[in-house]
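In what follows, chains carry the letters A, B, and so on, assigned in the order in which the sequence lines appear, proteins first and then strands, with residues in each chain numbered from 1.
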2 protein chains.
Amino acid sequence: MPVNSFDHYPMSWKPDKQELNRPFYKSLASLLEQHITNGYLAPGTKLPPQRELADFLDLNFTTITRAYKICEVKGLIYAITGSGTFVAPNATRSITISTDKMSNGIDLGFVASFEQTNSAVTDIIRTVANKSYLEQLLNYNDPTGIPHQKAAALNWIKGFGIQANQEQIAIVSGAQNALSIALAALFEPGNKIATDLYTYSNFIELAKMFHIQLVPIPGDQFGMLPDELEKQCSQINIHGIFLMPSCSNPTTVMISDFRKQELAEVIRKHRLLLIEDDIHAFLTAGIISDYQQPMFNLLPEQSVYICSTSKSICSGLRVAFMVFGDALREKILRAIFNINVKTSSFDAEVITELILSGKAHEIISFKKQLAQTANDIYFEYFPLRKNAGHPLSFYRWLPIDGQNDAWKLETDLKEHGIRVFHSDRFLSGQTTPEKYLRIALSTTNTFTELEIGLKILKEYLSC
Amino acid sequence: MPVNSFDHYPMSWKPDKQELNRPFYKSLASLLEQHITNGYLAPGTKLPPQRELADFLDLNFTTITRAYKICEVKGLIYAITGSGTFVAPNATRSITISTDKMSNGIDLGFVASFEQTNSAVTDIIRTVANKSYLEQLLNYNDPTGIPHQKAAALNWIKGFGIQANQEQIAIVSGAQNALSIALAALFEPGNKIATDLYTYSNFIELAKMFHIQLVPIPGDQFGMLPDELEKQCSQINIHGIFLMPSCSNPTTVMISDFRKQELAEVIRKHRLLLIEDDIHAFLTAGIISDYQQPMFNLLPEQSVYICSTSKSICSGLRVAFMVFGDALREKILRAIFNINVKTSSFDAEVITELILSGKAHEIISFKKQLAQTANDIYFEYFPLRKNAGHPLSFYRWLPIDGQNDAWKLETDLKEHGIRVFHSDRFLSGQTTPEKYLRIALSTTNTFTELEIGLKILKEYLSC
DNA sequence: CTATTTGTTTATGAACATTTC
DNA sequence: CGAAATGTTCATAAACAAATA
């Protein structure tokens, strides 16, 4: 029996010892999972400290540690030494953003890529279909890309400041696929990766799937704070870092060059593996005056540089370029064979032809114009505030006040006919007081539709 | 200090306590890894029992358990209660089979798919390229397949005995991709999956990457033994089972229908998740007289059925169909979004058109003829023995004697100009006394080349 | 600024299960 | 069949580390 009775003491969770079977740590973990999943324990709830619960249940406190750990790894709870253990903000549901279209209503949630430009791709597909070597694209050969495709890819990313050779690049099936490969190849379950406090929600889910823990690092308008990264690195064993320097998703922050240098120093010092998702390079390199270079250049031996063509050229052709240091090559290639076997040579060939013909650059110009117009429209409804972020971003990050229940807000807005995503979806760790909405500008079929959506949103928020 | 001195006692591994730092379990694990990797401890070596090593190092024996466990999870060693702990057969190198072509020599290693048939695909690509709706294939929509593509897919697999609806199928990027998705969606690190003793080596590597442990189950000429599966299930907590019933890779065993029924009963009883890789359905359903149905039909609620078109239709177009019980749907879709975002609609459309036009069936007929011829040639050189396995298999499983050093054999044969894979590559667990070679019949450009390769092999083996 | 609260890591002892002889 | 060998699992104690009042 417990030494003390806690009946008079407020404890947020009092599991019934009767319900527990041996082994206790597993039984307790599944009971906790159940109580979180069925809503009995709400997100944000502080759980009893390990020692207190141990006392209550008359168990050794490290048994509680183990039970909590199981739930933490599943992403149900998170713990802060000194403060306590809390139910995670996204414990109850998946934050995966799928491309499933809304059946009706205006989609300002999922970020598409101004699909109007796809008509320019059809001609090139026909060109490739009539190539004499078409049959050569249909076998198992060249799993990571045919040499001339890699050459075109290298040429493409040279425009973004990357210098690499054929041995250092692989063509894979889109950025998300590249991220899966990088995580599978270079990390183990239980490893930790530093990310921005708000980051790409599918990366959060992917990390969860691979049982990799994310360590949120605060940032400002120039990007992640090096001191904060240094602090975490010196305290815990961090293995990698995920960044989108050209335009972070969802915050639209572009990491400034001085900040890149500072961050690179910390990354080098602690030997972190950098995963640089540069999907927005085409909106930044050579366009934004402050832009100098990708971080890959600063840390070529310990980085994976990922450059997808989904946003910049064509979303339906699943192609991304993956560049890596020589030391990482073997592991990454093995992961590619294990996860993909190969990427469609036909898709890669169409992208190649788009690049070589100059059509890809035309598409990009058009997309930039569309992005400019969409942003102009946005700022009419939600005027510029300070630290506005990337001017050509395909989405915007709108601060909102007092909308604490993320899921209710999303549902409410859906009833008003628009889909947007609440900042809680993008949280890599604990909750924050500030709340935002991510507003996709590149998904509606027309700008008129975009305007209608923004108008509805503005009216709803000013209520 | 240790109570007894073991200097007089033969111990296969005597790590120097001086080299260990705290924490001991990690330090010991990395020392062990090092000694295995640099060849100091050869594959098959029996390590000292936990208690003995503990005594020697003057540590508690569960500290040794933990160190051994780390190396076991990495696939470096394996343990059998009662017998001891051993260095794993594939500890030192990766067994991933890549599609990288041999620069010279005859490839009887990697199993391609009689790529001669690809010329039939080029016409269909041109047809699709000229479709009026081509542009609709280039956006983010329908990540798991467009409805008419799914309809064609359902029709295709109906020929193999699968009845399912649009909600139960997804189009993904090849069988290997489907396996990644299934493992990521439905299993956790540390989970255990039963497999044949010899199984698809990229599945072994994939499982390793996801830190899923494989439990080898013996079989006979009718497939895996239900009693052995039952035994393992009642002893340890097994979560899933991986089978290739139509023609196992690499053994060419087709699971007979009575055996499927027996296995299904055990699987149902222990609530295992079945992953059924039916890539060879096109060589079996409606062709082999004994064939009745896929195992998915026996266990529709707890199975994932995977049917790739790489071997049957075209290898370069990365398409596989994935069918799943309703209970698994949500998890699998989420994994698809996280790993792939979507599969190329263009590739899927070409496969769809191949199916609808009847061209796919023509290709299959041709491949079956080619397989027949290739097998006839093979049996001229290596005459039929009993329990020969699937008659139309794209590869054969050749018993060899006295060739214990797998890697040396492979290297030797490569020097003779042919590539084959030794059975050790396909081992899901401990070593076995019998040794085999897997001989791919579907990779050489011509049958003449195949004959040359087989001749070289025969001469080499009869030396 | 130090004491307290709270979570983390490591090593250990005991009970257990399976295989071998 | 029973004893010995061997690996597995669980709960515990102690030392540690970070955050907070």
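Comparing C/dT6, C/dT8, D/dT9 by their closest approach to the side chain of A/Ala79 singles out C/dT8. Among C/dT9, C/dT20, D/dT6, the nucleotide with an atom closest to any side-chain atom of B/Ser83 is C/dT20. Each of C/dT8, D/dC10, D/dT6 was ranked by its minimum atom distance to the side chain of A/Pro23; first place goes to D/dC10. Of the candidates C/dT9, D/dA15, C/dA14, C/dA14 carries the atom nearest the B/Thr62 side chain, counting heavy atoms from C-beta on.
Side-chain N/O atoms of A/Thr63 include one lying less than 4.0 angstrom from OP1 or OP2 on D/dT12. Not one side-chain nitrogen or oxygen of A/Thr85 sits closer than 4.0 Å to the OP1 or OP2 atom of C/dT6. Residue B/Asn60 places none of its side-chain N or O atoms closer than 4.0 Å to OP1 or OP2 of C/dA11. Considering only side-chain N and O atoms, B/Thr81 lies nowhere under 4.0 angstrom from the phosphate OP1 or OP2 of C/dA17. A close approach under 4.0 Å does occur between a side-chain nitrogen or oxygen of A/Tyr25 and OP1 or OP2 of D/dC10. A/Gln50 has no side-chain polar atom (N or O) that falls below the 4.0 Å cut-off from OP1 or OP2 of C/dT5.
A side chain to side chain contact (heavy atoms under 4.5 Å, CB included) with A/Trp13 is found for exactly one of A/Thr85, A/Val87, A/Thr45, A/Leu53, namely A/Leu53.
Between the CG atom of B/Leu53 and the C1' atom of D/dG7 there is a distance of 14 Å, rounded to whole Å. In this structure, the CD atom of B/Glu228 is 10 Å from the P atom of C/dT19, given to the nearest Å. Counting to the nearest Å, the C1' atom of C/dT9 and the NZ atom of A/Lys69 are 10 Å from each other. Protein atom CD of A/Glu72 is 9 Å distant from nucleotide atom P of C/dT9, rounded to whole Å. Rounded to a whole Å, the CG atom of B/Leu20 is 15 Å from the C1' atom of C/dT10. Rounded to whole Å, atom C1' of C/dT8 lies 14 Å from atom CD1 of A/Ile77. To the nearest angstrom, P of D/dA19 lies 14 Å from OH of A/Tyr78. If you take CD1 of B/Ile70 and C1' of C/dA11, they are 13 Å apart, rounded to a whole angstrom.
The shortest side-chain heavy-atom distance between B/His270 and B/Ile238 does not fall under the 4.5 Å cut-off. With contacts defined as side-chain heavy-atom distances shorter than 4.5 Å, the pair B/Leu41/B/Leu47 qualifies.
Contacts of B/Tyr68 with the nucleic acid, taken as non-hydrogen atoms under 4.0 Å apart, are absent. B/Thr65 comes within 4.0 angstrom of a nucleotide base, judged by non-hydrogen atoms across all strands.
Remark: the B/Arg66 side chain and the C/dA11 base include a donor-acceptor N/O pair separated by less than 3.5 Å.
Between B/Arg51 and B/Leu59, the one whose closest nucleotide on DNA chain C sits nearer the 5' end is B/Leu59. Residue A/Lys26 is the one, among A/Gln232 and A/Lys26, whose nearest nucleotide of DNA chain D lies closer to the 5' end (criterion: closest heavy atom).
Checked against the 6.0 Å centroid threshold, A/Tyr198 and A/Tyr436 count as a close aromatic pair.
Contact check on B/Arg268 versus B/Glu265 returns no salt bridge, with no Lys/Arg side-chain nitrogen under 4.0 Å from an Asp/Glu carboxylate oxygen. In summary, B/Lys269 and B/Glu230 engage in a salt bridge, as defined by a charged side-chain N under 4.0 Å from a carboxylate O.
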